[in-house]
Amino acid sequence: MLKIQENLSNVKEEIINFATSVKRDPANIALLAVSKTKPAGAVLEAYQAGQRLFGESYAQEAAEKIQEIRSQGIRDIEWHFIGPVQANKTRIIAEHFDVVESLDRARIAKRLNDQRPPLMPDLRVLIQVNISREPQKSGIAFEELPNLLDFIDSSCPRLQVAGLMGIAENVRDKSEILPQFQALKDAFDDLCRKGRPLTVLSMGMSDDMAEAIAAGSTEVRIGTAIFGARQYHV
Ligand SMILES: *Cc1c(COP(=O)(O)O)cnc(C)c1O
C-alpha cells in the first residue's frame, strides 16, 4: 500500500535533483502521473499522497476510471489524455478530460472542438510533435506545426493551445535523446517569441526524465516509476 506513495516521493526527489543539476527551479516542472492500465485504487493512493495531475491513454478505460473516482466526491484531479486519439473516441475524450496532450491532426481538433460540452471550460490541448521522426510514431512533423496551429486558431474556438508534447525514441544510447528534446524546446521558444502564450512543454518519461529536464521540460509524464510495470490484458 505504501509503495505508490514511496515511489511518488522518490520521483519528486529525482525531479528536484535533475532540475538543480542543470540550474533550473524544480517548481517549474510539473509531474503527470500516468495511470493507464492501473485501477482506480492506484489513482486514489497517489491522490491521497497529494498527486493531482493524472495521464491516461485509453479513452474508454479512462472514462470509467474518472467516473468511478468522481462518484467518490473527488473533483480536483486534472485529467490529461496522452494516447493516440482515434476519431471514434473524440466525444468520450471531450466529455471527460481537462487536457489533450496528443493532438496531431486537424480533423481530430475539429471533432474535439465540436464535441466539447458547452458547460465545460475550453479544452486545453498540446500539439504532439514526432520528435524522433520514426514513421510509426504519432505526432506531426515540425514543419506542419504552423498549419495545424492556424487551423485551430481559425476553426476551433473551444480549444486552447497550451503547449507542445513529444516522445523521444526508446533507445539505450541516451545521447540521441537530448537533441530530440532540444529540437522541441527550440520550436516551443520560437512560437513563444512569435507571441503565442504557450506554457506547457511536455516531455520526459520514466527512462528519459533527466534529458527532458535538461532540455527544458515543464512537465514530465511518469508511469512505471510511480505505479510499477504495466500489464496489458488486451
Ligand atoms: C505510457 C506513457 C508514458 C509513461 O511512460 P513510463 O515509461 O511508464 O513512465 C508517458 N507518456 C506517454 C505518451 C505514454 O503513453
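Whatever order the structure lists ligands and atoms in, that order sets their numbers, starting from 1. Quick note: numbers below take in every heavy atom, side chains included, and nothing from hydrogens, waters or symmetry partners. Quick caveat: nothing in here was measured; it's all calculated off a predicted structure.
Closest non-hydrogen pair, S206 versus I222, comes out as OG-CG2, 3.5 Å.
Heavy atoms of other residues, nucleotides or ligands lying less than 6.0 angstrom from CG of N170 number 12 at most.
Set against the non-hydrogen atoms of G223, the atoms of ligand 1 under 4.0 Å away are 4 (C), 6 (P), 8 (O), 9 (O). Under a 4.0 Å criterion applied to the non-hydrogen atoms of I167, ligand 1 contributes the atoms 13 (C). For ligand 1, the atoms sitting less than 4.0 Å from at least one non-hydrogen atom of I222 are 9 (O), numbered in the order shown with element in parentheses. Residue-ligand proximity, I82 to ligand 1, at heavy-atom distances under 4.0 Å covers atoms 11 (N), 12 (C), 13 (C), 14 (C).
The proximity of S57 to ligand 1, defined as any non-hydrogen pair under 4.0 Å, is limited to the side chain. Contacts with ligand 1 closer than 4.0 Å are made by no heavy atom of D207, backbone or side chain.
Between E56 and K65 a salt bridge is recorded (basic side-chain N to carboxylate O distance below 4.0 Å). Ion pairing between a basic and an acidic side chain is recognised when a charged N comes within 4.0 Å of a carboxylate O; R196 and D153 show such pairing. Contact check on D76 versus R52 returns a salt bridge, with a Lys/Arg side-chain nitrogen under 4.0 Å from an Asp/Glu carboxylate oxygen.
Shortest contact from atom 14 (C) of ligand 1 to any protein heavy atom: K36 NZ, 3.0 Å. Of the protein's heavy atoms, R221 NE, 2.8 Å lies nearest to atom 11 (N) of ligand 1. Of the protein's non-hydrogen atoms, the one nearest atom 8 (O) of ligand 1 is T224 OG1, 2.5 Å. Closest to atom 5 (O) of ligand 1, if we only count protein heavy atoms, is M205 CE, 3.4 Å. The protein non-hydrogen atom at the shortest distance from atom 9 (O) of ligand 1 is S206 OG, 2.5 Å.
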- Could you go step by step and tell me if S102 and Q128 meet the side chain to side chain donor-acceptor pair (under 3.5 Å) rule? CA-CA 5 Å; S102 41; Q128 183 177 353; 4.7 Å; no
- Task: May I have the step-by-step check of side chain to side chain donor-acceptor pair (under 3.5 Å) for S132 and Q180, ending in yes or no?
- Result: CA-CA 6 Å; S132 66; Q180 295 179 5; 4.9 Å; no
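Taking a 4.0 Å cut-off on heavy atoms, E101 fails to register as neighbouring ligand 1.
Checking R111, K110, R116 one by one against D114, the salt bridge (Lys or Arg N to Asp or Glu O under 4.0 Å) holds for a single residue, K110.
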